[in-house]
A.B. asks: 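A single structure is presented below for examination.
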There are 2 protein chains.
Amino acid sequence: MQKPVTLAPLRVACSGCNLRELCMPMDLSDLDMEQLDDLTCIKHAYQRGGFLYRSGAKFQSLYAIRTGFFKTQVLHEDGREQVTGFQMAGEIIGMDAISSDAHACDAIALEDSEVCEIPFSRMEELSRKLPTLQRHLHRILSREIVRDQGIMLLLGSMRAEERLAAFLLNLSQRFAARGYSPTSFYLRMTRQEIGSYLGMKLETVSRTLSNFQGAGLITIRNKSVEIHNLQKLQRFVGPPQECV
Amino acid sequence: MQKPVTLAPLRVACSGCNLRELCMPMDLSDLDMEQLDDLTCIKHAYQRGGFLYRSGAKFQSLYAIRTGFFKTQVLHEDGREQVTGFQMAGEIIGMDAISSDAHACDAIALEDSEVCEIPFSRMEELSRKLPTLQRHLHRILSREIVRDQGIMLLLGSMRAEERLAAFLLNLSQRFAARGYSPTSFYLRMTRQEIGSYLGMKLETVSRTLSNFQGAGLITIRNKSVEIHNLQKLQRFVGPPQECV
DNA sequence: CATGGGATTTGATTTACATCAAACGCGCTC
DNA sequence: GAGCGCGTTTGATGTAAATCAAATCCCATG
């Protein structure tokens with residue numbers, strides 16, 4: 001069974017991290033060595049199923065994912081849950097907690113993962129000295145707002161088929177940005193989790209994926225997806241179908 | 001017809017603004033007079049239907065609403081639109097634009113309104129000197145993320161009835177926080193706009209409101225709403241109905 | 001005050017998706 | 001390798017909400 005334990009904490013420096021391009025793309029010239037030390041953060045490992053943080057927990061740090069895959073979810077008191085995102089290497093997570101000093105959602109590892117813990121008070125302190133870092137922090141926060149608006153558009157005005165196509169294309173782009181194949185990848189999450197994220201039931205997810213496969217757009221076997229035609233899939237995201 | 005013109009720009013100081021509690025609740029002791037001058041911003045008036053900003057416009061400033069009512073919406077290239085929020089006095093708007101230096105949505109006045117323009121570069125500059133302001137900015141950004149997550153939960157896992165009840169209760173709370181009646185208020189937006197925001201069609205909004213009225217929960221006449229029983233309405237937000 | 005156009009309500013019908021249900025497949029552990 | 005449980009697929013049926021349509025209301029304007 002899953003043991004949500006934290007393995008092997010380790011201090012690391014952002015300057016030496018190969019994900020800097022994705023998570024903290026600042027101009028290095030702004031950073032002298034002393035300042036870099038201030039940003040040094042602690043690396044933790046999480047097993048599949050482990051909680052990075054829980055809703056309600058006191059806010060201390062943001063987390064940069066180094067390797068692995070997470071989901072975030074909010075729980076309604078009724079027991080209903082809504083997956084609010086899937087996060088992969090290079091992405092920053094935990095920003096919802098700043099507003100109330102407590103985490104507003106759960107973050108759970110979908111595979112064995114490593115994260116850098118970034119103590120937020122130190123981040124604020126340092127960003128007062130480094131305008132570039134300050135600007136970057138603002139951009140990250142704002143980017144999250146824009147991402148959420150996109151999901152609102154998706155949930156509010158797209159049909160099941162479109163949502164799923166948009167979802168696959170989004171994953172595709174993000175894998176591509178990390179140097180992986182944009183057309184062949186593993187889904188780390190269950191149909192149920194995809195459904196929760198996209199506002200549909202797991203059966204509908206399954207059926208729609210089967211339809212895509214039937215139409216020759218993708219091949220799906222268990223959790224591995226192969227997209228045969230990105231353009232055709234893209235055309236699914238849009239009004240009903242004006243078959244070209 | 002609407003003329004989206006800007007009327008009567010005027011310089012004002014935050015120190016003298018009666019909305020400070022809602023939009024910039026900092027400890028005044030941190031601010032000396034000189035710093036206050038730096039935060040002085042420009043007041044603009046907008047007529048109903050006027051654009052505060054348009055999607056794609058260059059990002060310069062955040063805006064604090066002093067009086068009035070706005071909606072924000074994102075447009076899909078297909079012409080589909082999604083209302084992403086309704087903003088009222090004391091709320092800050094425009095934060096989605098920070099990430100790309102361009103506005104990601106339209107902001108449109110739903111009634112004659114006044115806003116304070118807060119040049120963002122000056123805000124960043126000042127927040128490097130004032131940790132309290134810095135912290136406040138971070139909180140505002142994060143609060144927007146939390147708000148969006150709530151809407152995702154609403155759109156992804158609630159039924160029409162629940163969404164509309166949650167919507168009315170949200171308005172109720174926000175009016176109450178501003179010293180207005182929580183049980184009697186005007187809707188500034190059309191059924192169509194409510195529907196876009198809540199992911200349903202205007203007919204469904206109308207029908208559901210009629211149902212609420214039929215159940216004696218509210219009285220609705222045109223755009224004026226009276227909530228007769230906040231608790232009962234609250235109970236609508238939840239799983240199907242375990243009638244108490 | 002009359003007129004016109006958009007907003008709203010309400011009804012009839014359709015439909016996309018949910019629900020219920022059963023079978024299958026895959027990865028566990030024993 | 002047998003047995004079990006979870007995740008997934010697929011089918012049959014039900015239903016909430018969309019769509020289509022028409023009547024009414026309300027405000028703006030001449």
Side-chain angles (χ1 to χ4, degrees), chain A residues 1-3 47-49 71 80-83 108 110-111 154-165 167 186-215 218-225 236 239-241, chain B residues 1-3 47-49 71 80 82-83 108 110-112 154-165 167 186-215 218-225 236-241:
Chain A
M1 285 304 100
Q2 75 225 30
K3 294 177 213 143
Q47 292 187 349
R48 187 155 79 93
K71 71 167 175 179
R80 272 182 300 192
E81 69 178 44
Q82 171 75 30
V83 171
I108 298 167
L110 294 180
E111 62 181 25
L154 180 139
L155 289 173
S157 60
M158 290 189 184
R159 288 165 311 103
E161 224 169 32
E162 297 180 80
R163 294 181 205 178
L164 202 52
F167 171 72
Y186 279 85
L187 300 173
R188 269 73 173 186
M189 67 296 283
T190 66
R191 304 287 189 267
Q192 146 72 29
E193 286 163 338
I194 296 173
S196 170
Y197 180 62
L198 297 177
M200 53 210 252
K201 294 290 144 174
L202 69 94
E203 294 96 327
T204 308
V205 173
S206 177
R207 264 184 253 273
T208 308
L209 286 173
S210 297
N211 292 348
F212 284 168
Q213 182 162 244
I218 65 172
T219 297
I220 181 149
R221 170 147 183 84
N222 301 327
K223 294 209 189 309
S224 77
V225 183
F236 262 77
Q241 277 297 58
Chain B
M1 286 299 100
Q2 75 225 33
K3 295 178 214 142
Q47 293 187 347
R48 186 154 79 93
K71 70 168 176 179
R80 271 182 299 192
Q82 171 76 28
V83 172
I108 298 168
L110 293 181
E111 61 181 24
D112 293 355
L154 181 139
L155 290 174
S157 60
M158 289 189 185
R159 289 166 310 103
E161 224 170 34
E162 298 180 78
R163 293 181 207 179
L164 201 52
F167 172 71
Y186 279 83
L187 299 172
R188 270 73 175 185
M189 67 297 282
T190 66
R191 304 286 189 266
Q192 145 72 28
E193 285 162 339
I194 296 173
S196 170
Y197 180 60
L198 297 177
M200 52 210 252
K201 294 289 144 172
L202 69 94
E203 293 96 327
T204 308
V205 173
S206 176
R207 263 184 255 272
T208 308
L209 287 174
S210 298
N211 292 348
F212 284 167
Q213 182 162 244
I218 64 171
T219 298
I220 182 148
R221 168 144 183 88
N222 301 327
K223 293 209 193 305
S224 78
V225 184
F236 262 77
V237 185
Q241 276 300 57

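Below, read A as the first sequence line, B as the second, and so on, with proteins coming before strands; counting in each chain starts at 1. These numbers were taken from a predicted model, which means no experiment stands behind them.
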A.B. asks: Under 4.0 Å between a side-chain N/O of Ser206(A) and OP1 or OP2 of dT10(D), yes or no?
C.D. replies: no

A.B. asks: Measure the distance from CG on Leu164(B) to P on dA16(D) and round it to the nearest whole Å.
C.D. replies: 16 Å

A.B. asks: For every nucleotide of nucleotides 20-27 of chain D, 5' to 3': is a protein heavy atom under 4.0 Å from its base (B), only from its sugar-phosphate (S), or from neither (-)?
C.D. replies: B-----S-

A.B. asks: Between Glu162(B) and Arg80(A), is there a salt bridge with N-O shorter than 4.0 Å?
C.D. replies: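 Here Arg80(A) pairs with Glu162(B) in a salt bridge, since their nearest N and O are under 4.0 Å apart.
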
A.B. asks: Run Leu164(A) and Ile194(A) through side chain to side chain contact (heavy atoms under 4.5 Å, CB included) and show every step you take.
C.D. replies: CA-CA 9 Å; Leu164(A) 202 52; Ile194(A) 296 173; 3.9 Å; yes

A.B. asks: Can you check the Ile220(A) CD1 to dG7(D) P distance for me, whole Å?
C.D. replies: 16 Å

A.B. asks: Let me test you: for the helix from dC1(C)-dG30(D) to dC30(C)-dG1(D), what is the angle between the axes at its two ends (five pairs each), rounded to 10 degrees?
C.D. replies: 50°

A.B. asks: Side chain of Lys201(B): nearest nucleotide among dT8(C), dT9(D), dT19(D)?
C.D. replies: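 Taking heavy atoms from C-beta onward, the closest nucleotide is dT19(D).
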
A.B. asks: Looking at every non-hydrogen atom in both residues, tell me the closest pair between Ser196(B) and Val83(B) and how far apart they are.
C.D. replies: OG-N, 2.8 Å

A.B. asks: By nearest atom, which of the nucleotides dT10(C), dT9(D), dT8(C) is closest to the Ser210(B) side chain?
C.D. replies: dT10(C)

A.B. asks: What is the distance, to the nearest angstrom, from the CG atom on Leu187(A) to the P atom on dG7(D)?
C.D. replies: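 Taking CG of Leu187(A) and P of dG7(D), I get 15 Å after rounding.
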
A.B. asks: Phe236(B) CZ to dA16(D) P: how many Å, rounded?
C.D. replies: 13 Å

A.B. asks: Applying the salt bridge (Lys or Arg N to Asp or Glu O under 4.0 Å) criterion to Glu193(A), which one of Arg188(A), Lys223(A), Lys71(A) satisfies it?
C.D. replies: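 Single pass found, and it is Lys71(A).
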
A.B. asks: From C-beta outward on Thr204(A), which listed nucleotide comes closest to its side chain: dA18(C), dT8(D), dC17(C)?
C.D. replies: dA18(C)

A.B. asks: Nearest to the Arg159(B) side chain among dA18(C), dA17(D), dT10(C), which nucleotide is it?
C.D. replies: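 Minimum distance to the Arg159(B) side chain belongs to dA17(D).
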
A.B. asks: Looking at residues at least two apart in the chain, or sitting in another chain, which of them share a ring pair (Phe, Tyr, Trp, His ring centres under 6.0 Å) with Phe212(A)?
C.D. replies: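 Once residues adjacent in sequence are excluded, the partners of Phe212(A) under the ring pair (Phe, Tyr, Trp, His ring centres under 6.0 Å) criterion are Phe236(A).
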
A.B. asks: Between Lys223(B) and dA7(C), does any side-chain N or O lie under 4.0 Å from OP1 or OP2?
C.D. replies: no

A.B. asks: Please report the distance, rounded to the nearest Å, between CG in Leu155(A) and P in dC17(C).
C.D. replies: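 Value for this atom pair: 13 Å.
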
A.B. asks: Answer yes or no: does a side-chain N or O of Thr190(B) lie under 4.0 Å from OP1 or OP2 of dG6(C)?
C.D. replies: no

